[in-house]
J.: 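Sharing a structure with you now.
Treat the numbers as computed from the prediction; the structure is a model and nothing was measured. Lettering of chains follows the sequences in order, A, B, ..., and the numbering in each one begins at 1.
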There are 2 protein chains.
Amino acid sequence: MRGYDKHAFEPSAVTVDLAVLTICRGALHVLLVERGQEPYAGRWALPGGFVRPEESAEDAARRELAEETGLADVSGLHLEQVRTYSDPDRDPRMRVVSVAFAALLPDPPQPHGGGDAAQARWVSYESAGPLAFDHDRILADAHDRVGAKLEYTCLATSFCPPEFTLGELQQVYETVWGTALDRPNFRRKVLATPGFVAQVPDAARLTGGRGKPAALYRAGGATVLRPPLLRPTTEGRPS
Amino acid sequence: MRGYDKHAFEPSAVTVDLAVLTICRGALHVLLVERGQEPYAGRWALPGGFVRPEESAEDAARRELAEETGLADVSGLHLEQVRTYSDPDRDPRMRVVSVAFAALLPDPPQPHGGGDAAQARWVSYESAGPLAFDHDRILADAHDRVGAKLEYTCLATSFCPPEFTLGELQQVYETVWGTALDRPNFRRKVLATPGFVAQVPDAARLTGGRGKPAALYRAGGATVLRPPLLRPTTEGRPS
DNA sequence: CCAGTTATAGTCGATACGACTATTAAGGGT
DNA sequence: ACCCTTAATAGTCGTATCGACTATAACTGG
């Protein structure tokens with residue numbers, strides 16, 4: 001911050017990259033765009049774009065999110081700043097510093113074309129093959145971060161529509177973590193945490209599934225999960 | 001990432017800001033530098049500087065850390081990327097995007113002058129008054145991040161010298177969290193976590209304190225703390 | 001009406017954790 | 001030397017939580 005007058009500096013391009021995550025038929029999906037130009041022409045990449053002079057990185061991320069998903073209102077969606085990638089060689093053309101965000105969507109909108117000409121598609125997380133630039137790493141970091149925050153925050157409700165069943169909430173955990181959870185224990189833990197969820201007064205979803213109708217819940221006011229909801233011990237250490 | 005040819009972009013200055021934290025006589029301290037020029041002349045600020053064309057933000061942070069602390073070898077120190085601050089108005093002079101890092105030091109070196117002319121000083125975290133720019137927020141975010149990572153990682157050993165007692169380790173937790181911990185329980189938890197610490201074969205520190213000499217430990221190989229070591233429930237939700 | 005399916009209720013043992021008490025091994029002062 | 005203080009270490013006990021599991025309820029589709 002010091003030394004503006006003493007040291008020359010090389011201005012950089014600043015971009016945002018988005019890992020837009022959603023749960024589609026029981027599998028974690030990420031929104032990708034196909035690159036039309038070199039470098040990495042034909043390869044898939046995370047959506048993103050330049051930060052404009054009058055906006056913050058968060059502003060830019062929300063704008064890009066709206067453009068890419070075609071959603072009219074993205075103001076309620078959760079945007080999580082993951083980290084910033086600044087390797088000098090991460091873009092072969094020029095110096096590009098990129099602030100990465102993870103966005104969580106309740107239900108996947110149309111695989112929208114987006115503001116630009118390139119096509120956009122939902123791809124399952126596992127089959128999100130080698131991406132352009134360092135986007136494999138960014139996507140992995142975003143996934144790690146979201147998985148970790150599920151443990152000790154109420155973030156999971158961001159993947160759910162305004163009203164949801166505990167089964168849907170559990171599926172968020174199972175899908176992101178890639179592990180099965182015991183249903184009664186999950187239920188007990190969620191309900192025992194004050195402010196995690198609040199039951200919708202009346203209504204229970206009836207027609208949809210073919211089992212006993214489940215009660216509907218809304219997100220409660222709490223943001224942190226204390227004590228946390230730890231994923232089953234798989235001996236591996238995350239990140 | 002798309003549209004290099006279509007959209008103009010305004011290049012930004014990219015800097016790093018460092019929250020260099022250490023524990024000094026039982027209190028958390030942060031390294032600050034006094035600004036000599038406008039804006040915020042005479043105010044204290046976090047050390048930092050521009051990211052050079054050939055280095056990443058991590059490289060720049062480590063270089064600045066060495067310059068400001070005067071330490072010869074900063075390669076073993078823990079550097080934690082906190083987040084990136086990109087509000088267009090955060091620097092009145094120009095557009096500056098700053099990547100913030102937290103650095104953890106075992107023992108505070110001399111309040112070194114640093115590479116630049118401005119003076120540097122260790123200031124206790126509480127009395128780190130209103131800082132320049134958005135550095136109050138950056139410092140608070142760094143503190144939050146470190147406090148949170150103490151809960152579920154073995155990060156605390158980064159505040160300790162290569163060999164330390166469990167009392168010193170406990171003081172790290174107490175100082176960063178600002179809460180007292182029960183000593184036997186802390187000890188039990190740390191020793192029960194495989195790989196958190198490893199006892200030094202012989203030697204017990206004798207001369208120093210005026211109690212029973214404590215056994216010496218080194219950092220173990222583990223990086224995560226499962227299950228986590230939660231801070232006492234104070235009913236308030238962090239961050 | 002029966003089989004399959006899903007939600008919900010409840011039990012039981014192992015473990016982790018908070019709050020304590022007790023013992024051990026030093027140093028300082030008189 | 002002796003006792004008091006200080007700090008490290010050992011151990012106890014009750015409670016809360018968690019994983020694993022069984023049981024029941026409510027619906028759908030043949």
J.: Please state whether the base of D:dG30 and the side chain of A:Arg210 form at least one donor-acceptor pair under 3.5 Å?
T.: no
J.: To the nearest Å, how far apart are B:Phe186 CZ and D:dA8 C1'?
T.: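 Rounded to whole Å, this separation is 14 Å.
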J.: Distance criterion of 3.5 Å, no angle test: do you see the side chain of B:Arg188 paired donor-to-acceptor with the base of C:dG18?
T.: yes
J.: It should be established whether B:Arg183 places a side-chain nitrogen or oxygen under 4.0 Å from OP1 or OP2 of nucleotide D:dT9.
T.: no
J.: From the set C:dA26, D:dC27, D:dT9, return the single nucleotide nearest to any side-chain atom of B:Pro184.
T.: D:dT9
J.: Counting side-chain heavy atoms from CB outward, which of D:dC27, D:dT9, C:dC17 is closest to B:Ala214?
T.: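 The closest nucleotide is D:dT9.
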J.: Is B:Arg83 close enough and on-axis enough to B:Tyr85, meaning under 6.0 Å and within 45°, for cation-pi?
T.: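 Yes, cation above the ring, under 6.0 Å and within 45°.
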J.: CZ of A:Arg231 versus C1' of D:dG19: gap in Å, rounded?
T.: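 Value for this atom pair: 18 Å.
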J.: Show the nearest heavy-atom pair for residues B:Thr193 and B:Lys189, with the distance to one decimal.
T.: OG1-O, 2.9 Å
J.: How long is the line joining CD of A:Gln170 and C1' of C:dT6, in whole Å?
T.: 11 Å
J.: Could you tell me how far apart A:Leu191 (CG) and C:dG10 (C1') are, to the nearest whole angstrom?
T.: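 It works out to 14 Å between those atoms.
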J.: Specify the separation, in whole Å, of atom CG of B:Leu169 and atom P of D:dA8.
T.: 12 Å
J.: In this structure, is the centre-to-centre distance between the rings of B:Tyr125 and B:His29 below 6.0 Å?
T.: no
J.: Between D:dA7 atom P and B:Asp182 atom CG, what is the distance in whole Å?
T.: 15 Å
J.: Does the separation of the ring centres of B:Phe164 and B:Tyr217 fall below 6.0 angstrom?
T.: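 Not under 6.0 Å, so no.
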J.: Whole-Å distance between C:dT21 P and B:Asn185 CG?
T.: 13 Å
J.: Answer yes or no for B:Arg35 and B:Trp44: cation-pi contact, defined as NZ/CZ to six-membered ring centre under 6.0 Å and angle to ring axis within 45°.
T.: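 B:Arg35 over B:Trp44 ring: no.
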J.: Mapping A:Gly167 and B:Leu230 onto DNA chain C by nearest heavy atom, which one lands closer to the 5' end?
T.: A:Gly167
J.: It should be established whether B:Lys189 places a side-chain nitrogen or oxygen under 4.0 Å from OP1 or OP2 of nucleotide C:dC17.
T.: yes
J.: Whole angstrom is fine here: how far is it from CZ in B:Arg187 over to P in C:dA22?
T.: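 The distance from CZ of B:Arg187 to P of C:dA22 comes to 19 Å, rounded to the nearest Å.
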